[in-house]
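All remarks here apply to the structure that follows.
This one's a predicted model, so the numbers in the text were calculated from it and none came from an experiment. Both backbone and side-chain heavy atoms feed into the values below; hydrogens, waters and symmetry mates do not.
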Amino acid sequence: MLQQTQVETVKSYYARFLKAFPNVKQLAAAEEEKVLRLWEGLGYYRRARQLHAAAQKIVAEHDGKFPTDFESVFALPGVGRYTAGAILSLSLDQRLPIVEANTIRLYSRLIGYRDDPTKSAGQKVLWQFAEEILPKKNSGELNSAMMDLGSMICKPQDPLCGECPVAGHCTARLENLVDEIPLPKQKTKYTDVTEAAVVVRSNGKVLVRRCAQGERWAGLWDFPRAAVESRTDPKLHRELTAAVKKQTGVAIRLGEKMTTMRHGVTRYRITLHCFAANPATGPGKSTADQKWLKISDLDDLPLSVTGRKISEILQQP
DNA sequence: AAGGCGGGGAG
DNA sequence: CTCCCAGCCTT
């Protein structure tokens, strides 16, 4: 539960979870749906499924007893190097390092690591450091103390260096770099793309195409759809008609009316004025990757559009 | 090496 | 709004 989730948030979930599943065997025997139910609101639901699977693995392979060697714990689903090290160092005082959000920040500042510490080069340095500072005994206590130090003193913003017991060893502090370390992760850059799908109808049927391999939604069925640059008529109309023609070989003309719907979706009430059809794909003609379908048959296809029965939406004239 | 996962909380 | 949180897994 603590993977990427704050301690305060986890507390109540944890208590409720352990009340429902007091031990590994009961968790293993539970319905997945029940497990997910108790996870609702925590996010990263993969963790819940993996915890469930881990419990089942412990029952199947470890006689229902939680393993106590690093390799076995590390091999459990959802358990990485941090989690395995934390479990065994904190509960059994095994000499295993941990590196997580708090200690990434604390250790980066202590050693004055100036690059992004979450990248692999930084991780290598930090894990090495985390291992070096472990004492022969009481590694669990040291790990625990370092996380507390990171969360309460060596905070992301405005760390309390005046109260820090290791401020004298802190490179960032000595070089006045506390505010520059750790370097923030470079953000994934996203480009907004506006797409339009066109529902082409004729004689109560609607034109769909199957997305090609390598394309998004490969293998699923979709309406003719394309990224569009323009947002307003008449340029947008030209873009859409060209996209449909290119994608399906079907020539259409869009109607004038336009209604803006909620959820950022713009719906065109299109009127089909004419066809200048490619004989292979024209009205009524179907190929392996392109069909004219009755609206009621749409619900039987694996469709790129999900969430509502598409046929209900299209029933409107 | 990069992205996806998913909420809530703080500033 | 943005940043951050006791990471892990797949591609």
Side-chain angles (χ1 to χ4, degrees), chain A residues 1-18 35-55 57 70-94 96-109 115-127 129-130 133-134 139-160 178-193 213-218:
Chain A
M1 285 180 177
L2 288 166
Q3 291 167 356
Q4 289 289 281
T5 304
Q6 297 186 15
V7 176
E8 277 308 306
T9 306
V10 163
K11 282 181 178 171
S12 59
Y13 282 89
Y14 178 77
R16 195 179 60 169
F17 196 90
L18 256 76
V35 179
L36 287 170
R37 219 46 181 164
L38 290 167
W39 209 273
E40 219 168 45
L42 264 185
Y44 287 134
Y45 300 97
R46 180 186 303 171
R47 297 178 299 178
R49 284 188 275 274
Q50 290 175 142
L51 181 59
H52 191 212
K57 183 168 183 174
F70 180 84
E71 288 309 322
S72 298
V73 177
F74 186 68
L76 295 171
V79 176
R81 185 173 178 186
Y82 160 72
T83 302
I87 290 170
L88 294 176
S89 73
L90 298 180
S91 65
L92 299 175
D93 197 35
Q94 294 188 19
L96 293 166
I98 57 164
V99 171
E100 41 67 73
N102 296 302
T103 43
I104 285 174
R105 185 173 55 249
L106 173 64
Y107 297 163
S108 294
R109 285 174 175 159
D115 205 344
D116 179 353
T118 67
K119 298 178 76 171
S120 59
Q123 286 291 298
K124 196 173 173 185
V125 172
L126 292 187
W127 279 102
F129 180 75
I133 62 174
L134 290 177
S139 285
E141 200 169 5
L142 181 127
N143 284 337
S144 179
M146 289 299 171
M147 287 190 283
D148 287 347
L149 189 54
S151 70
M152 296 189 292
I153 305 291
C154 198
K155 300 182 298 177
Q157 313 296 331
D158 307 315
L160 309 175
V178 170
D179 292 333
E180 332 312 320
I181 297 179
L183 219 63
K185 271 201 288 261
Q186 76 226 36
K187 279 190 298 186
T188 307
K189 277 187 285 186
Y190 296 96
T191 311
D192 288 335
V193 176
Q213 291 302 318
E215 189 181 352
R216 180 178 46 159
W217 296 322

Inset, instruction - Please list all pairs passing the side-chain hydrogen bond (donor to acceptor under 3.5 Å, both in side chains) test where one or both residues lie in residues 97-109 of chain A, with sequence neighbours left out. - result: A:Glu100-A:Asn102, A:Glu100-A:Thr103, A:Asn102-A:Arg105

Inset, instruction - Supply the atom-to-atom distance A:Phe129 CZ to A:Leu134 CG, rounded to the nearest 0.5 angstrom. - result: 10.0 Å

Legend entry - Pairing residues for A:Arg16 by the salt bridge (Lys or Arg N to Asp or Glu O under 4.0 Å) criterion, not counting sequence neighbours: none

Legend entry - Residues that A:Lys155 engages under salt bridge (Lys or Arg N to Asp or Glu O under 4.0 Å), provided they are two or more places apart: none

Distance in angstrom units between [X] [atom1] and [N] [atom2], rounded:
X: A:Leu76; N: C:dG7; atom1: CG; atom2: P; result: 18 Å
X: A:Lys11; N: C:dA6; atom1: NZ; atom2: P; result: 11 Å
X: A:Glu8; N: C:dA6; atom1: CD; atom2: C1'; result: 13 Å
X: A:Gln123; N: B:dA2; atom1: CD; atom2: C1'; result: 14 Å
X: A:Glu100; N: C:dG7; atom1: CD; atom2: C1'; result: 10 Å
X: A:Tyr13; N: C:dA6; atom1: OH; atom2: P; result: 16 Å
X: A:Gln6; N: C:dC5; atom1: CD; atom2: P; result: 8 Å
X: A:Leu2; N: C:dG7; atom1: CG; atom2: P; result: 8 Å

Using the [atom1] atom as the reference point in each nucleotide, state the distance between [N] and [M] in Å, no decimals.
N: C:dC4; M: B:dC5; atom1: C1'; answer: 15 Å
N: B:dG8; M: C:dC8; atom1: P; answer: 23 Å
N: C:dC5; M: B:dG6; atom1: C1'; answer: 12 Å

Legend entry - Other residues, nucleotides, ligands: >12 heavy atoms within 6.0 Å of A:Glu180 CD: yes

Inset, instruction - With the side chain of A:Met147 defined as its heavy atoms from C-beta on, choose the nearest nucleotide among C:dC4, C:dA6, B:dG6. - result: C:dA6

Inset, instruction - When you get a sec, tell me which of B:dA2, C:dA6, C:dC8 is the closest nucleotide to the side chain of A:Val7? - result: C:dA6

Inset, instruction - Please determine if a side-chain N or O atom of A:Thr83 lies less than 4.0 Å away from the OP1 or OP2 oxygen of C:dC8. - result: yes

Legend entry - Short side-chain N/O contact from A:Thr9 to OP1 or OP2 of B:dG8, under 4.0 Å: no

Legend entry - side-chain contact (heavy atoms from CB on, under 4.5 Å) partners for A:Tyr44, two or more places apart: A:Gln4, A:Arg47

Legend entry - Qualifying residues under side-chain contact (heavy atoms from CB on, under 4.5 Å), relative to A:Gln186, sequence neighbours excluded: A:Asp116, A:Lys119

Can you pull every protein N or O that's under 3.5 Å from an N or O on nucleotides 1-3 of chain C?
residue: C:dC3; atom: OP2; partner: A:Lys187; partner atom: NZ; Å: 3.1

Inset, instruction - Specify the residues of residues 39-54 of chain A, ordered by number, for which at least one heavy atom lies under 4.0 angstrom from an atom of DNA chain B. - result: A:Gly41, A:Leu42, A:Gly43, A:Tyr44, A:Tyr45, A:Arg46

Legend entry - Dot-bracket line, read 5' to 3' along DNA chain B, where crossing pairs take [ ] and | marks a partner on another strand, Watson-Crick or G-U under 3.5 Å: |||||.|||||

Inset, instruction - Could you note down all residue pairs passing salt bridge (Lys or Arg N to Asp or Glu O under 4.0 Å) where residues 1-11 of chain A supplies at least one of them, sequence neighbours left out? - result: A:Glu8-A:Lys11

Legend entry - Pairing residues for A:Glu71 by the side chain to side chain donor-acceptor pair (under 3.5 Å) criterion, not counting sequence neighbours: none

Inset, instruction - Just jot down the side chain to side chain donor-acceptor pair (under 3.5 Å) partners of A:Arg37, sequence neighbours excluded, or say none. - result: A:Glu40

Inset, instruction - Just call it for A:Pro184: base, sugar-phosphate, or nothing, with non-hydrogen atoms closer than 4.0 Å on any strand. - result: nothing

Inset, instruction - Would you mind classifying the nucleic acid contact of A:Val10 as base, sugar-phosphate or nothing, using non-hydrogen atoms under 4.0 angstrom? - result: nothing

Residues 83-92 of chain A, side-chain donor-acceptor partners within the protein, below 3.5 Å, at least two apart:
residue: A:Thr83; atom: OG1; partner: A:Gln3; partner atom: NE2; Å: 2.9
residue: A:Ser89; atom: OG; partner: A:Gly85; partner atom: O; Å: 2.9
residue: A:Ser89; atom: OG; partner: A:Asn143; partner atom: ND2; Å: 3.0
residue: A:Ser91; atom: OG; partner: A:Ile87; partner atom: O; Å: 2.5

Legend entry - Non-hydrogen atoms of A:Pro159 and A:Cys154 that approach each other most closely: CB-CA, 4.1 Å

